[in-house]
Number of protein chains: 2
Amino acid sequence: MGIADRKLKEKEELKALILQAAKKLFVTQGVEQTTIRKIASEIDYSVGTVYVYYKDKNDILHDLHTQGFKQLSSEMRVLFNVANPMERLMALGRVYLQFAFENSDMYNLMFNLKAPIEFLDSINKEEWNEGKGTFDVLKTTVKECLDKGHFKGHELEPLSFAIWGAVHGMASLHISQRIKGVNVSNPDSMVNRGYEAFSLMLEKV
Amino acid sequence: MGIADRKLKEKEELKALILQAAKKLFVTQGVEQTTIRKIASEIDYSVGTVYVYYKDKNDILHDLHTQGFKQLSSEMRVLFNVANPMERLMALGRVYLQFAFENSDMYNLMFNLKAPIEFLDSINKEEWNEGKGTFDVLKTTVKECLDKGHFKGHELEPLSFAIWGAVHGMASLHISQRIKGVNVSNPDSMVNRGYEAFSLMLEKV
DNA sequence: CAAATATAATGAACATTGTTCAATAAAAAT
DNA sequence: ATTTTTATTGAACAATGTTCATTATATTTG
């Protein structure tokens, strides 16, 4: 079985090489500029080869989105040490926002663009494990807050979702450049000040 | 000046006709399917004519986005009668969410897609009057709440932005289909329950 | 009213995209 | 050495946004 194994390994390596080239293009030039031809030429393979290893462009973008979630997860994992759940919750939001700011194209792919979900649909997979895992981290933290007596009168899931929505919304408005242009004193710091206002709300509940 | 006036009117009419065709395609088939060729064929004009009246596709999409804001504004205007600012604030959120649900492609164009902002950039216009107007309605209502003693310890702009972000975020997560797939009991009602949780937070502050 | 000018509309042509697939090359099995 | 299997190729296709010389129409002028 030596040959079959080697071939399998080689296939994995080439697929990884394609993804690496795709990521380089994606990070530096965005989604639209990440074309199959550019990916192929980047690694000196033909267009057709890319389609041997990936079903279509959505497949590649889904793989990229998964990589993004791995990075976000590892950045959130650092906060597992924080014992106080309220403190951890606030820090989670900051880490999340920072990720969105520093990797805006990737964030957009992960949470706004259709491509990754369209790919899941195309292979009849209704689960979105990447999102699920991240949301579970939030839910667990909110649960601990509730157990400690915070957020009186709130249910776990709706509250968790509202928190996710608030942070996601502020990040998205920044990324889609909808803040500058709106009549606001200091657009660049708006997300941070908005998050502080939101934190203040959470603390008072 | 009779002829010049008539010509001006005819030009406006044809431009409106193009926009109307574009809107029909946009509403029924989404952004990508709203192609210049389809728009032209819809009104029995050639492709080139569309480009006489609109600079490019972003120009058309920007015009569509403006129409969306007109509709949203008129739906929000109904609530100007509500005297109690807190009550009006809650209702504004509901109207906003309902608009996003019932016109998701349009909402996405208005608040998420690059096209309208790219168009503004291309004509060196840094103002975004549509968004500004809508945000001002929110800000005014929040201001009245503050004046009545609500939201103690909060600043107007950050709080208003956080509220906008929360509602926008929940709407966007719904539209980008990021809710189903996440491990949640009833995905379809999640936005409504999330907004109730958020409202509860606001009331307690 | 006829000719000249100005305005409007046209659609073929271009570049770029994702995608396919018969043909070729390389590797493995016989 | 031959056959079979596997891997790679890149030309070709359809669809897109966009341009622009050409044609048609309308207006102005002499």
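The sequence lines fix the lettering, A, B, ..., with proteins before strands; numbering per chain opens at 1.
Axis angle across the helix from dC1(C)-dG30(D) to dT30(C)-dA1(D), with five pairs used at each end and values rounded to 10°: 30°.
Salt bridge Asp5(A)/Lys9(A): absent, no basic N to carboxylate O contact under 4.0 Å.
Taking the side chain of Tyr53(B) as heavy atoms from C-beta on, and the options dG18(C), dA9(C), dT8(D), the nearest nucleotide is dA9(C).
Using a 4.0 Å heavy-atom distance criterion, Ile39(A) is classed as making no nucleic acid contact. At a threshold of 4.0 angstrom between heavy atoms, the contacts of Leu14(B) are confined to the sugar-phosphate backbone, with no base atom among them.
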Let me have the donor-acceptor pairs involving side chains of residues 74-82 of chain A, under 3.5 Å, with sequence neighbours excluded, atom names and distances please.
from: Ser74(A); atom 1: OG; to: Gln71(A); atom 2: O; distance (Å): 3.1
from: Glu75(A); atom 1: OE2; to: Gln71(A); atom 2: NE2; distance (Å): 3.0
from: Asn81(A); atom 1: ND2; to: Val78(A); atom 2: O; distance (Å): 3.3

Ring pair (Phe, Tyr, Trp, His ring centres under 6.0 Å) assessment of Phe69(A) paired with Phe99(A): CA-CA 10 Å; Phe69(A) 269 100; Phe99(A) 177 86; 8.2 Å; no
Verdict with supporting geometry, Lys70(A) and Glu130(A), salt bridge (charged side-chain N to carboxylate O under 4.0 Å, His left out): CA-CA 8 Å; Lys70(A) 279 178 187 154; Glu130(A) 293 82 1; over 6 Å; no
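Taking the six-membered ring where tryptophan is involved, the planes of His62(A) and His65(A) are tilted, since the angle between them lies from 30° to 60°.
Remark: Thr49(A) is in phosphate contact with dT9(D), judged by side-chain N or O atoms under 4.0 Å from OP1 or OP2.
One interatomic measurement links the two molecules: CG of Asn58(A) to P of dG18(C), which rounds to 11 Å at whole-angstrom precision.
When each of Gly48(A) and Gln33(A) is assigned the nucleotide of DNA chain C with its nearest heavy atom, Gln33(A) is the one assigned upstream, toward the 5' end. Nearer to the 5' terminus of DNA chain D, by closest-nucleotide assignment, is the contact made by Val31(B) (compared with the other of Val31(B) and Glu10(B)).
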Under 4.0 Å protein heavy-atom contacts per nucleotide of nucleotides 22-30 of chain C, with B for base, S for backbone only and - for none: ------SS-
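Of the residues Asp147(B), Thr140(B), Thr141(B), the one that meets the side-chain hydrogen bond (donor to acceptor under 3.5 Å, both in side chains) test with Lys143(B) is Asp147(B). Checking each of Tyr195(B), Tyr107(B), Phe135(B) against Tyr96(B) for a ring pair (Phe, Tyr, Trp, His ring centres under 6.0 Å) leaves exactly one that passes, namely Tyr107(B).
In this structure, Ser176(B) contributes its side chain and Phe111(A) its backbone to a donor-acceptor pair below 3.5 Å.
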